[in-house]
Amino acid sequence: MRQAGLAADAGGTEAGMAAQQGSSGRRRGAFDAFDLALRRGTLAGTVDVAKMERAVDRLAPGGGASDVSWRIAGTNDAMGRPALEIRLDGSVPLECQRCLQPFPWSVAQCTTLLLARDERELAVLDAEDDEHEVLLANAPQDAMTLIEDEMLLVLPFAPRCERVACAGTPLVAHDPAAPRASAFAALAGLKNVAAKKAKY
Ligand SMILES: [Zn+2]
């Protein structure tokens, strides 16, 4: 969503554009993001992440329940700009990238998305605001698409379970039970590595 900023003015075409956010093009599950922001409306529900076409690929197969409750609330940011606040709460099974076991990963995320009415406003908001993501909301938004997008952004690429041997250990680290890294580091300074060391 991040785009190169355009040197455009942030001029006031908002009022005219807002009037065009009509009811045309509505579909099931779709909503007008600006309208939701204006009336501080809320959409909420629970979704099984294992049934999400894109996010399911990131879960540990057969790892257990993957229900996440979600909430999309219309709001304003500190500067009064229309925004959506997206919350995710729940737990999904991920595969620990160190021990390769499934484990329940807690989801607790709250993200504020600024709303842009067109490509130009998207570029302007993106350029002047490093704190928030910006959503191009010039068409009805699909709640489930927003939730899945958010889910994909939140899921860690290299998840770790909380076992002592896994949590906090760099992914490339060697097994602490066999400290070969330090042994080899020590050997690196020696000209002639003894044969007995090579046959570990
Ligand atoms: Zn693990």
Side-chain angles (χ1 to χ4, degrees), residues 1-3 29 33 42-73 75 77 83-114 126 129-136 141-200:
M1 215 176 308
R2 296 278 170 199
Q3 300 185 345
T42 298
L43 304 169
T46 301
V47 66
D48 183 353
V49 180
K51 291 184 176 145
M52 293 179 142
E53 224 168 79
R54 294 172 291 153
V56 65
D57 292 341
R58 306 271 297 274
L59 303 186
S66 50
D67 289 332
V68 169
S69 64
W70 59 269
R71 193 175 78 112
I72 300 174
T75 185
D77 77 341
L84 296 183
E85 184 188 82
I86 300 183
R87 280 184 178 277
L88 300 176
D89 284 288
S91 174
V92 294
L94 300 183
E95 185 179 85
C96 174
Q97 293 304 290
R98 192 160 188 285
C99 69
L100 304 181
Q101 297 298 307
F103 70 101
W105 187 78
S106 291
V107 185
Q109 178 72 17
C110 183
T111 303
T112 300
L113 295 176
L114 295 179
D126 236 359
D129 193 307
D130 290 333
E131 193 182 339
H132 300 108
E133 288 293 325
V134 185
L135 175 69
L136 179 60
Q141 299 296 305
D142 179 64
M144 277 305 103
T145 301
L146 287 180
I147 296 303
E148 185 166 18
D149 286 347
E150 188 64 21
M151 198 69 220
L152 287 166
L153 287 171
V154 165
L155 289 173
F157 277 98
R160 298 301 184 75
C161 74
E162 291 182 354
R163 291 180 183 89
V164 175
C166 298
T169 313
L171 201 59
V172 294
H174 295 280
D175 185 347
R180 290 172 303 189
S182 55
F184 279 121
L187 288 171
L190 302 175
K191 281 285 179 189
N192 301 307
V193 178
K196 63 181 179 180
K197 286 288 184 186
K199 63 172 185 181
Y200 69 97

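Counting starts at 1 for both ligands and their atoms, in listed order. Since the structure is predicted, the reported quantities are computational estimates derived from the model, not experimental observations.
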Which value, rounded to the nearest 0.5 Å, describes the distance between [X] atom [atom1] and [Y] atom [atom2]?
{"X": "M52", "Y": "I147", "atom1": "CE", "atom2": "CD1", "answer": "6.5 Å"}
{"X": "L84", "Y": "T112", "atom1": "CG", "atom2": "OG1", "answer": "9.0 Å"}
{"X": "I72", "Y": "M144", "atom1": "CD1", "atom2": "CE", "answer": "6.5 Å"}
{"X": "L146", "Y": "W70", "atom1": "CG", "atom2": "CH2", "answer": "9.0 Å"}

query = Under 3.5 Å, is there a donor-acceptor pair between the E133 and T111 side chains?
reply = no
inquiry  = side chain to side chain contact (heavy atoms under 4.5 Å, CB included), that's the test. Do D129 and V134 meet it? Break it down for me.
reply    = CA-CA 9 Å; D129 193 307; V134 185; 5.7 Å; no
remark   = The number of protein N, O or S atoms lying under 2.8 Å from the Zn ion (ligand 1) is 4
